[in-house]
Amino acid sequence: MSSSVEAITVLSSDGDEFKITVSAAKLSKPLNWMLEDVCFSDDCDEVPTIEVNSKTLVKVIEYCEKHAPRANSGASDSDAEELKKWDIEFMKMDVKDILFHILMAANYLHMEGLYDLACQTAADLMKGMTVSQIRKIFHIKNDFSSEEQEQLRRQHPGCSFD
Amino acid sequence: MEAEPRDLLSDLPDDILLHIFSFLQVKDILCLRILSTRFNKTLCTATPSFCFSDHYLHPHNCSCTHIFDFMFNTVPKNRPHALIINRVSFSCFCNKPEHRNLHKQWIIQLFKLKPSMFYELSLDYDLPSIFTSLPKFQSLKVLKLNMNQLHSVNMLPQMKLAALETLHIKSIYSLNGLLGEWISQSFPFLKHLFLQKIIIWAVKPDFTIRSSSLVDLVIHDLRSPIPVRIMAQNLRTLSCFIRERVHEYNTKFVLESCVPNLQSLTWVGRRVGVDLETLKNLQVTTNPRFLITRESKWDVLIQLFQAIRSARQLHIDTDVLRQWMRRTIMGILEESVSLKNLSHLQIDVVG
């Protein structure tokens, strides 16, 4: 029962309006379900709200629009290569705090590709780092007592701290 | 750019954190325990699990040695409550020929290594021989087995896992039809059973799941030429997702008086294939979106469903519409199943 519209309008949690094409919205399961229902038919003028802030939603929509053509038609290997490069660039632009909003949004919107990409990016930031480096990157507070800390150090002799 | 040094990583829910960890190598994951109590907890107490994924287990970046180190040095010292081996199979594990044999050994070693310390085991691995090792896992509460590809397996007829409460089985070919008996006899306290992509080969008149402890049962794509009989006194919810276009297997489910406490039935498939002759209390949860057919009645139902959605958005009272909807669903149910003895029926529409 999806209507013939080509783009839909959604609200961010900050109340801003965003346009997203139907083919791009299909990358998200909940949005796809909304499309199949009556949410976007002509006689319904209520704009659905997505619980994602505007700054994050811009990025999520950018990702969807880029990936939609391939997801809907299936593309050649060269396209896939190009898309991979684009993904890396896409994640590079992010400061850490928006990465976590994207993680939450991709999880909330059931977007597997973006979720994996964001998790991978977060994991890459931890890889090969020492404990204190990771704490610094992610602002993680060390809340162990010195005895606990010492015990954990002894249990994990292979881990580098500084 | 830098507003305030807020620790957003620690605010993430456990399942997202664990998914991030699944992109890391085992040695990196272990070091994360020392970061903060939050990480130590996620990795060791709250969701005590270790995930291995194949992302870093490919020939260009083989981490077999780390895994061996983890298995033989770290695990015995740290004793995880759960071991989740995630998305590992021979094809994607590591392509180095000399490592291939090691993988098999590693898995065998895993089962030798006091498997009684695991409460949860998820195995996404082509390893049909796991079934013969299962009796060693006496502490298991949750067991999830996905054979990746359809495999005919040998079930041990006289094994028992008394602690097991949740069982997921995916992609199994039950050649001798013993799967039902195996489930019925081996897990006396099983509460949740999830069967997916199961093919039964007929040698018996029916395929029976008999359990007095089972509370909910989900069947996702089970193909059986013989009737599936479910005898579970305490079964509360039954969900069946039956694939269409499988003409050679028209799986029929027989419930009759065997499930006196069934309260919720979710049926996703064109025809309701459940025999409910003597069922007294039934609560049907149905999602009309899954039930679209060419038949006109379903069209009415879908229109009603949409009308309710629109009415809700305009804050109009939907009671009358809902009653209509229930009556239509009732009509469809009556056509497909006989509900002679039903005294109480409640239909909830989700969507």
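What's counted below: heavy atoms across the whole structure, side chains too, no hydrogens, waters or symmetry copies. Throughout, a chain's letter reflects where its sequence line sits, starting with A, and its residues are numbered from 1.
Minimum heavy-atom separation, Pro13(B) to Met104(A): CD-SD, 3.8 Å. Heavy-atom minimum distance, Phe144(A) versus Ile34(B): CE1-O, 3.3 Å. Across every non-hydrogen atom of Ile20(B) and Ala123(A), the tightest pair is O-CB, 3.6 Å.
Interatomic distance, OG of Ser10(B) versus NE2 of His139(A), reported as 11.0 Å (0.5 Å rounding). Remark: Ile140(A) CD1 to Leu9(B) CG distance equals 5.0 Å, nearest 0.5 Å. Atom CG in Leu152(A) sits 13.5 Å away from atom CZ in Phe39(B) (nearest 0.5 Å).
Counting heavy-atom neighbours within 6.0 Å of Glu112(A) CD, excluding the residue itself, gives a total of 12 or less.
Looking only at side-chain heavy atoms (C-beta outward), Met126(A) and Leu35(B) stay at 4.5 Å or farther from each other.
Within the 4.5 angstrom heavy-atom criterion, atoms from both the backbone and the side chain of Asp143(A) approach chain B. Both the backbone and the side chain of Thr37(B) come within less than 4.5 Å of a heavy atom of chain A.
If you tally non-hydrogen atom pairs under 4.5 Å between each of Asp11(B), Ile16(B), Leu12(B) and chain A, the highest count goes to Ile16(B).
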